[in-house]
Amino acid sequence: MDNLKKEKIKTYIFVILVILLFAAFPFLKHHFTREKIKAFVESYQTLAPLVYIIAMIFLPIIGAPRLIMTAVGGALFTVFWGTVYAMIGSTLAGVLGYYLAYYSTANYFEAVTAQKHNRFISMLDFTKKNNFWLIFLSRVCPVTHYEVINYMCGTAKIPFNSFFWSTFLGIIPGTFIYVLMGDAMMDIMDKKSIGTIISELFSKDYHMLLQDNDVQKLLIVLLVLLVFLIVTMIGF
């Protein structure tokens, strides 16, 4: 079996596994609630920060929403330490995803695109030349998918140093905001159901809902995320 065929098989296996993990999430999501993850991490007591960081690295790969994971960090370790631990876990998760794709798909992707000259390849060249700022903006942008970016960068053989620092610096604002947002959302939902919140929001007594500190915090966070979205879209 020649090398190209081996690389092709590795690429197909990797892509199939990623698709299966995404497809399996609806059947597994009841295992990834805030309460269950929080109880699991908390049960390790003094080792809880280490367990949380390990969970931040691996659980999102198998479907656990990163928003819930960051919310758990805020609930367990305060906003400051939750942000620090979430940043460490997210950065290491980025490194893991990058190298999983790098060693699984990069060589095959490079081989099949080497002799092609089209708009997609031109866009890929532009991305490689501007990789630091594009990755940085994608980390700040609230609508991009964290794991997909890791895989794309590894597949495209983006230089690791550039990938690492753009990821590390790019997740600083987002991680802090997501810790605040996730924690506020979970605290609100602990007190009221989503249906109740929506009905109160559109009732004549909506001002009562807005007096809730957690609701105020959530609205501020959503406004900041809107600013992030506008700024990153302009940047792109």
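Taking the side chain as every heavy atom from C-beta outward, Asn131 and Pro159 approach each other to under 4.5 Å. The shortest distance between side-chain heavy atoms of Tyr99 and Phe160 falls below 4.5 Å. Looking only at side-chain heavy atoms (C-beta outward), Leu225 and Leu229 stay at 4.5 Å or farther from each other. Ser90 has its side chain within reach of Tyr146: a pair of non-hydrogen atoms, C-beta onward, lies under 4.5 Å apart. The closest side-chain heavy-atom distance from Lys38 to Lys36 is not below 4.5 Å. Side-chain atoms of Phe228 and Pro173, non-hydrogen and from C-beta on, do get closer than 4.5 Å to each other. Within the 4.5 Å cutoff, no side-chain heavy atoms of Lys10 are placed close to those of Phe14. Within the 4.5 Å cutoff, side-chain heavy atoms of Leu17 are placed close to those of Ile13.
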### Query
Can you list the steps and then say if Thr175 with Thr83 is a side chain to side chain donor-acceptor pair (under 3.5 Å)?
CA-CA 6 Å; Thr175 300; Thr83 301; over 6 Å; no
### Task
Quick one: do Leu137 and Met233 satisfy side chain to side chain contact (heavy atoms under 4.5 Å, CB included)? Show the steps, please.
CA-CA 8 Å; Leu137 289 171; Met233 288 298 105; over 6 Å; no
### Task
Please assess Leu96 against Phe58 for the test side chain to side chain contact (heavy atoms under 4.5 Å, CB included), listing each intermediate value before the final yes or no.
CA-CA 9 Å; Leu96 175 63; Phe58 293 103; 3.6 Å; yes
#### Entry: From CA spacing to verdict: side chain to side chain contact (heavy atoms under 4.5 Å, CB included), Glu147, His145
CA-CA 6 Å; Glu147 273 66 43; His145 195 288; 3.7 Å; yes
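Atom OG of Ser162 is separated from atom CH2 of Trp133 by 10.5 Å, given to the nearest 0.5 angstrom. The CZ atom of Phe132 sits 9.0 Å away from atom OG1 of Thr167, with the distance rounded to the nearest 0.5 Å. Going from atom CD of Glu42 over to atom CZ of Phe77 covers 8.5 Å, rounded to the nearest 0.5 Å. Once rounded to the nearest 0.5 Å, the distance linking CE of Met56 with CD1 of Ile61 reads 11.0 Å. Atom-to-atom distance recorded for Ile54:CD1 and Leu47:CG is 9.0 Å, nearest 0.5 angstrom. From Leu100, atom CG reaches atom OG1 of Thr105 across 9.5 Å, with rounding to the nearest 0.5 Å.
The main-chain N or O of Met69 is found under 3.5 Å from a side-chain atom of Tyr52 such that the two form a donor-acceptor pair. Under a 3.5 Å cut-off, the side chain of Ser43 and the backbone N or O of Phe40 do form a donor-acceptor pair. Using a distance-only test at 3.5 Å, with no hydrogens or angles considered, no donor-acceptor pair links the side chain of Thr155 to the main chain of Phe109. Ser138 places a side-chain N or O within 3.5 Å of a backbone atom of Ile135 that can act as its donor or acceptor partner.
The aromatic rings of Phe168 and Trp165 sit perpendicular to each other, their planes meeting at more than 60°, with 30° as the lower class boundary.
Gly154 approaches Ala106 most closely through the heavy-atom pair O-CB, 3.5 Å. What you find for Thr70 and Ala86 is that their closest heavy atoms are CG2-CB, 4.1 Å. Between Ile177 and Val221, the shortest heavy-atom distance links the atoms CG2-CG1, 3.5 Å.
Hydrophobic clustering (ILVMFWY, side-chain heavy atoms < 4.5 Å, transitive): Tyr103 and Phe163 are in one cluster. Leu134 and Val143 fall within the same hydrophobic cluster, defined by Ile, Leu, Val, Met, Phe, Trp and Tyr side-chain heavy atoms under 4.5 Å apart, directly or through other members. Taken together through direct or relayed side-chain contacts under 4.5 Å among Ile, Leu, Val, Met, Phe, Trp and Tyr, Leu169 and Ile149 form parts of separate hydrophobic clusters. Cluster annotation: Ile171 and Val227 are assigned to distinct hydrophobic clusters (Ile/Leu/Val/Met/Phe/Trp/Tyr, side-chain heavy-atom contacts under 4.5 Å, transitive). Note: the hydrophobic cluster containing Val72 also contains Leu59 (ILVMFWY, side chain heavy atoms under 4.5 Å, direct or indirect links).
Atom CE of Met152 has 12 or fewer heavy atoms from other residues, nucleotides or ligands within 6.0 Å.
Not less than 6.0 angstrom separates the ring centroid of Tyr151 from the ring centroid of Tyr98.
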